[in-house]
Protein chains: 2
Amino acid sequence: MKSKLKKDTCEITYVDRKKVASVRKKIKPEYKIQLLSDTFKVLGDPTRVKIVFALSQEELCVCDIAKLLGTTKSAVSHQLRVLRNMRLVRYRKNGKMVYYSLDDEHIKNLFDEGLRHVEEL
Amino acid sequence: MKSKLKKDTCEITYVDRKKVASVRKKIKPEYKIQLLSDTFKVLGDPTRVKIVFALSQEELCVCDIAKLLGTTKSAVSHQLRVLRNMRLVRYRKNGKMVYYSLDDEHIKNLFDEGLRHVEEL
DNA sequence: ATATCATATGAGTAGTTACTCATATGTATC
DNA sequence: GATACATATGAGTAACTACTCATATGATAT
């Protein structure tokens, strides 16, 4: 005989209803979760990590960032747009040059915390 | 007439050779960059953020996590594997149940730092 | 204005990812 | 043993992403 369509959800009841309820009370609203994961996601790419690290040291133009990373200016420019959209970097125009720097102290903290984690592995 | 094939790299020379050299000295080795961005990337997904948050509050079984998030057990299990592979979570087996918890204090710090950043926007 | 150069951006694409669905594994209970 | 259930996992897929290439913008210099 065929087993009835198994729903891939928990059967009958919670394993520990109290714990689940307790966590549910503390869980953050969806938009914050999204914002948080978006923030981490921006740092979740090696090219952007390099850019952020570089900018945490010096204000740099697109051209020098590209030289530093050994990639194309186009690739850097695309990633800078991502960082700009997330307000992680700021820029200053001077003639045809555009100088980028980190916009946000928090991001530096977050980045450094991540670095500390990696250094201690 | 056709312009010669433009290389999308910086022409002639650095804009600021000194700054680039200074940053280059401090830049981290490739494997650390990769590890760092991988760590951020793991937290760069809303489902995993929710799981990590939940586990930062309570040790939970797969089933209860799924209930809490309102997703399938399969989806949770797949994401737990990702978290396991990155050594962010630990698990304890008890019969057919598997209880997950955060493995690493650092990750909690990193997560909290991100949360602080988001809370202050 | 014409040419040159720094940067930005759109289209296209190869690679990745997070899910669903089906199935497997492993444990407890009958 | 057989069944039931918790979890894990493989295949397949739709959505996304980071790049390349071509082109656009906008500034400086001739």
Side-chain angles (χ1 to χ4, degrees), chain A residues 1-16 33-34 37-38 40-51 59-67 69-86 89 91-100, chain B residues 1-16 20 33-34 37-38 40-51 60-67 69-86 89 91-100:
Chain A
M1 64 299 184
K2 307 200 57 175
S3 65
K4 60 190 154 223
L5 195 64
K6 277 202 305 185
K7 294 175 307 169
D8 186 17
T9 47
C10 284
E11 316 292 325
I12 306 165
T13 181
Y14 297 82
V15 172
D16 190 329
I33 299 279
Q34 194 59 53
S37 68
D38 282 347
F40 282 122
K41 188 188 284 183
V42 173
L43 296 173
D45 171 80
T47 302
R48 287 193 295 266
V49 160
K50 287 175 198 167
I51 294 175
E59 184 193 55
L60 292 167
C61 66
V62 177
C63 189
D64 279 352
I65 297 172
K67 275 236 168 82
L69 306 199
T71 53
T72 65
K73 287 181 286 183
S74 183
V76 169
S77 191
H78 276 293
Q79 297 303 350
L80 282 170
R81 175 163 54 168
V82 175
L83 294 170
R84 240 165 36 224
N85 288 343
M86 283 297 288
V89 299
Y91 61 93
R92 171 175 74 82
K93 292 194 182 181
N94 186 7
K96 54 183 171 174
M97 312 294 295
V98 180
Y99 292 94
Y100 281 87
Chain B
M1 64 299 186
K2 309 199 55 174
S3 65
K4 62 193 146 208
L5 195 65
K6 276 203 304 187
K7 295 175 307 166
D8 187 18
T9 47
C10 285
E11 315 293 325
I12 304 164
T13 179
Y14 296 83
V15 171
D16 190 328
V20 173
I33 298 280
Q34 193 61 53
S37 68
D38 282 347
F40 282 122
K41 189 188 283 183
V42 173
L43 296 173
D45 171 79
T47 301
R48 286 192 296 265
V49 160
K50 288 174 198 169
I51 294 175
L60 292 167
C61 67
V62 177
C63 189
D64 279 352
I65 297 172
K67 274 234 170 81
L69 306 199
T71 53
T72 64
K73 288 181 286 182
S74 181
V76 169
S77 191
H78 276 293
Q79 296 304 349
L80 281 171
R81 175 164 53 170
V82 175
L83 294 170
R84 241 165 35 225
N85 287 344
M86 283 296 289
V89 299
Y91 61 95
R92 171 174 73 83
K93 293 193 181 180
N94 186 8
K96 53 181 172 177
M97 312 294 296
V98 181
Y99 292 95
Y100 281 86

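So you know, we letter chains A, B, ... as the sequences are listed, proteins then strands, and number each from 1.
- Taking each heavy atom of B/Val49 and A/Ser37 in turn, the nearest pair found is CG2-CB, 3.6 Å.
- In the set D/dG26, D/dC5, D/dT17, the nucleotide with an atom closest to the side chain of B/Lys96 is D/dC5.
- The 5' end of DNA chain C is approached more closely, in terms of each residue's nearest nucleotide, by A/Leu80 than by the other of B/Val82 and A/Leu80.
- Counting only heavy atoms from C-beta on, A/Val62 has its side chain closest to C/dT7 among C/dT7, D/dT7, C/dG10.
- Taking atom CE of residue A/Met97 and atom C1' of nucleotide C/dC5, one finds them 10 Å apart after rounding to whole Å.
- Separating the CG atom of A/Asp16 from the C1' atom of D/dA6 is a distance of 16 Å, rounded to the nearest angstrom.
- The nearest pair of heavy atoms linking B/Thr47 to B/Leu69 is O-CD1, 4.0 Å.
- If you check D/dC21, C/dA8, C/dT20 against the side chain of A/Ser74, the one that comes closest is D/dC21.
- A close approach under 4.0 Å does not occur between any side-chain nitrogen or oxygen of B/Arg81 and OP1 or OP2 of C/dT17.
- In this entry the distance linking CD1 of B/Ile51 with P of D/dA8 reads 11 Å, nearest Å.
- Between the side chain of A/Asp64 and the backbone N or O of B/Val20, no donor-acceptor pair lies under 3.5 Å.
- Atom P of nucleotide C/dC19 and atom CZ of B/Arg48 are separated by 8 Å, given to the nearest angstrom.
- In this model, no side-chain donor or acceptor of A/Thr72 finds a partner on the base of D/dC19 within 3.5 Å.
- Look at CD on B/Gln79: it is 13 Å from C1' on C/dT16, rounded to the nearest Å.
- Of the inter-residue distances, the one linking B/Asp45 atom CG with A/Asp38 atom CG reads 10.0 Å to the nearest 0.5 angstrom.
- Counting any heavy atom pair closer than 4.0 Å across all strands shown, B/Tyr100 reaches sugar-phosphate atoms only and no base atom.
- Checking D/dT9, D/dC5, C/dA8 against every side-chain atom of A/Arg84, the shortest atom distance belongs to C/dA8.
- Where stacking is scored as ring centres under 5.5 Å apart with planes under 30°, B/His78 does not register as stacked on the base of C/dC19.
- The NZ atom of B/Lys96 sits 11.5 Å away from the SG atom of B/Cys61 when rounded to the nearest 0.5 Å.
- We find that CZ of B/Arg92 is positioned 16 Å from P of C/dT27, with the value rounded to whole Å.
- Spacing between atom NZ of B/Lys41 and atom C1' of C/dG15 amounts to 11 Å, rounded to whole angstrom units.
- Regarding A/Lys93, its NZ atom lies at a distance of 20 Å from the P atom of C/dC5, rounded to whole Å.
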